[in-house]
Amino acid sequence: QVQLVESGGGLVHAGGSLRLSCAASGRSFSTYVVGWFRQTPGKEREFVTAITWSGGRSYYADSVKGRFTISRDTAKNTAYLQMNSLKPEDTAVYYCAAGPSVRIATRVAAYDYWGQGTQVTVSS
């Protein structure tokens with residue numbers, strides 16, 4: 001129905017930047033909320049940020065406010081996560097997700113479709 005393909009993860013030094021992409025196929029993002037989550041071993045999947053496709057409203061976890069920016073390109077049907085001033089504690093597998101809602105949601109259960117995850121590693 002909806003397939004999400006992520007790219008842009010990698011290794012970066014503390015203070016550096018990465019830009020993650022989430023390209024959708026199968027259906028349009030026009031009626032979906034798109035979110036980014038992250039997960040480290042032994043922890044539950046953690047909400048990072050989300051954006052409403054229509055209207056462009058966004059919300060951020062306190063841990064990333066002022067450093068991360070979510071955006072979307074309707075022509076490319078792609079969402080992005082710009083990560084600046086990266087810290088070692090940002091190291092995680094990052095997942096793109098989409099849900100059939102116009103509301104911002106922070107719970108994993110609110111999202112129906114998930115990308116494969118991309119590793120982000122921030123070294124000291």
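Remark: the backbone N or O of Glu6 is paired with a side-chain donor or acceptor of Gln116 at under 3.5 angstrom. Remark: the backbone N or O of Ser85 is paired with a side-chain donor or acceptor of Arg67 at under 3.5 angstrom. Side-chain atoms of Tyr80 never come within 3.5 Å of backbone atoms of Asp73 as a donor-acceptor pair (strictly under, hydrogens ignored). The main-chain N or O of Val122 is found under 3.5 Å from a side-chain atom of Thr91 such that the two form a donor-acceptor pair.
Taking 4.5 Å as the limit, every side-chain heavy atom of Glu89 sits out of range of all side-chain heavy atoms of Ser63. Contact annotation: the side chain of Ser25 never approaches that of Val5 to less than 4.5 Å [non-hydrogen atoms, C-beta and beyond]. Side-chain contact between Val2 and Asp112 is absent, with no heavy-atom pair separated by less than 4.5 Å.
Atoms OG1 and CZ, on Thr78 and Arg72 in that order, are 12.0 Å from each other to the nearest 0.5 Å. Note that CD of Glu46 and CD of Gln39 are 10.0 Å apart. Values are rounded to the nearest 0.5 Å. Rounding to the nearest 0.5 Å gives a distance of 6.0 Å between CZ of Arg19 and CD of Gln82.
Between Tyr94 and Phe68, the ring planes lie tilted relative to each other; the angle falls in the 30° to 60° range.
Shortest non-hydrogen contact noted between Gly9 and Leu20 is N-CD2, 3.5 Å. Taking all atoms of both residues into account, the shortest heavy-atom contact from Asn84 to Ser17 is OD1-OG, 2.9 Å. Across Ser124 and Pro88, no two heavy atoms sit closer than the pair OG-CG, 3.6 Å. Closest approach of Val33 to Ala50, counting heavy atoms only: CG1-CB, 4.2 Å. Ser58 approaches Ile70 most closely through the heavy-atom pair CB-CG2, 3.7 Å. The heavy-atom pair separating Cys96 from Val34 by the smallest distance is SG-CG1, 4.0 Å.
Summarising the local packing, CD of Glu44 is surrounded by 12 or fewer heavy atoms from other residues, nucleotides or ligands at distances under 6.0 Å. Summarising the local packing, NZ of Lys65 is surrounded by more than 12 heavy atoms from other residues, nucleotides or ligands at distances under 6.0 Å.
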(request) Decide side chain to side chain contact (heavy atoms under 4.5 Å, CB included) for Val64 and Arg38; before the verdict, give the C-alpha distance in whole Å, the side-chain angles of both, and the deciding distance to 0.1 Å. (result) CA-CA 12 Å; Val64 305; Arg38 65 188 183 186; 4.0 Å; yes
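Comment: Asp90 does not engage Lys87 in a salt bridge, judged by the lack of any side-chain N to carboxylate O separation of less than 4.0 angstrom.
Phe47 pairs with exactly one of Trp36, Tyr59, Tyr60 by the side-chain contact (heavy atoms from CB on, under 4.5 Å) rule, that one being Tyr59.
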